[in-house]
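First up is the structure itself, then whatever we jot down about it.
All figures in this text were calculated on a predicted structure; none of them were measured in a lab. The sequence lines fix the lettering, A, B, ..., with proteins before strands; numbering per chain opens at 1.
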Amino acid sequence: MSNLSSFDPQLWVQKYADVLYVYTVARVTDTGVAEDIVQDTFLSAWKNRESYKGEASEKNWLFSICKNKIIDYYRKNARSVVRTAKEDIPENDFNEAEHWTKEAGPKEWNVDYTGTIETKEFYSVLQSCKNKLQKMQQAVFSMKYLDNLETEEICKVLNITPSNYWVLIHRAKLQLRGCLEKNWINI
Amino acid sequence: MISCKQATQLICKKEENRLSFIEKVKLRIHLSVCRFCCLFESQTNFIEKNACHLQEHLGHLCLSDSCKEKIISKLKGAE
């Protein structure tokens, strides 16, 4: 049993609120939702503090609670996914023959596509573009590219079919790429 | 020949090695003549590769003080 004196609300929030918040906001994007998730994380941890055995570090314990809260949030959004995935919303990217329109067709970016990018600007545009995605697209994108989960795992967690997954990831990529091109490259 | 919409779908699956032999051939033929889809492939690969660094680049963000105060008072209230 861990020393209960370490369960000091003030100390907890001071030590962990910001790191939990950054972790969460990278995954759910919406800052208001992220704030709620961080608050819920602390509240559940507090309620269950007696069951904390000190096997994991306090930080890892809080993170595991936070991860579950994020998944709960994704799942709540997943309930509507089957309907939206089937609708196959028409896009402006492609013409009637399903080829790129001249306006929407990808333009050359002035970057090394095989390299990595370190500029803060790229990531702030990426974050704001991610925020424009449908919530389920954000969820699959985050699980895939931030958490490196396998497709099967993502489908299982969100209770969606592989074909739902492919529709979501395809749309997410089309939209993110277009949004980045508009807001980052051409500035 | 497959459309650009289909080609971009296949590009998403290719990244995870989910293409059948026929799909690979269809995509290769399309990419050999479509500059747009070639760019789409390079650019989405670029986004994916860099997306994993998103969190570290958001490290400057903080939870607002008012929100922290609210949490602390809720925790104390739950005691």
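Heavy atoms closer than 4.5 Å to chain A are found in both the backbone and the side chain of B:Lys13. Heavy-atom distances place no part of B:Ile11 under 4.5 Å from chain A, backbone and side chain included. For chain A, the nearby parts of B:Asn50 are the backbone and the side chain; heavy atoms of each come within less than 4.5 Å.
Taking the six-membered ring where the residue is Trp, the centroids of A:Phe94 and B:Phe36 are separated by 6.0 Å or more.
Side-chain atoms of B:Lys49 come within 3.5 Å of backbone N or O of A:Thr114 as a donor-acceptor pair. A:Glu35 places no side-chain N or O within donor-acceptor distance of the main-chain N or O of B:Ser64, the cut-off being under 3.5 Å.
The pair A:Asp18-B:Lys68 meets the salt-bridge criterion, with a side-chain N (NZ, NE, NH1 or NH2) lying under 4.0 Å from an Asp/Glu carboxylate O. For A:Glu152 and B:Arg18, the salt-bridge test passes: some basic side-chain N is under 4.0 Å from an acidic carboxylate O. Under 4.0 Å is where a charged nitrogen must lie from a carboxylate oxygen, and between A:Lys144 and B:Glu15 no such pair does.
Looking only at side-chain heavy atoms (C-beta outward), A:Val13 and B:Glu69 stay at 4.5 Å or farther from each other.
Counting heavy-atom pairs closer than 4.5 Å to chain B, the top residue among A:Lys120, A:Lys47, A:Glu98 is A:Glu98.
When every heavy atom of B:Leu75 is checked against every heavy atom of A:Trp46, the shortest pair comes out as O-NE1, 3.2 Å. Across A:Tyr145 and B:Ala51, no two heavy atoms sit closer than the pair CB-CB, 4.1 Å.
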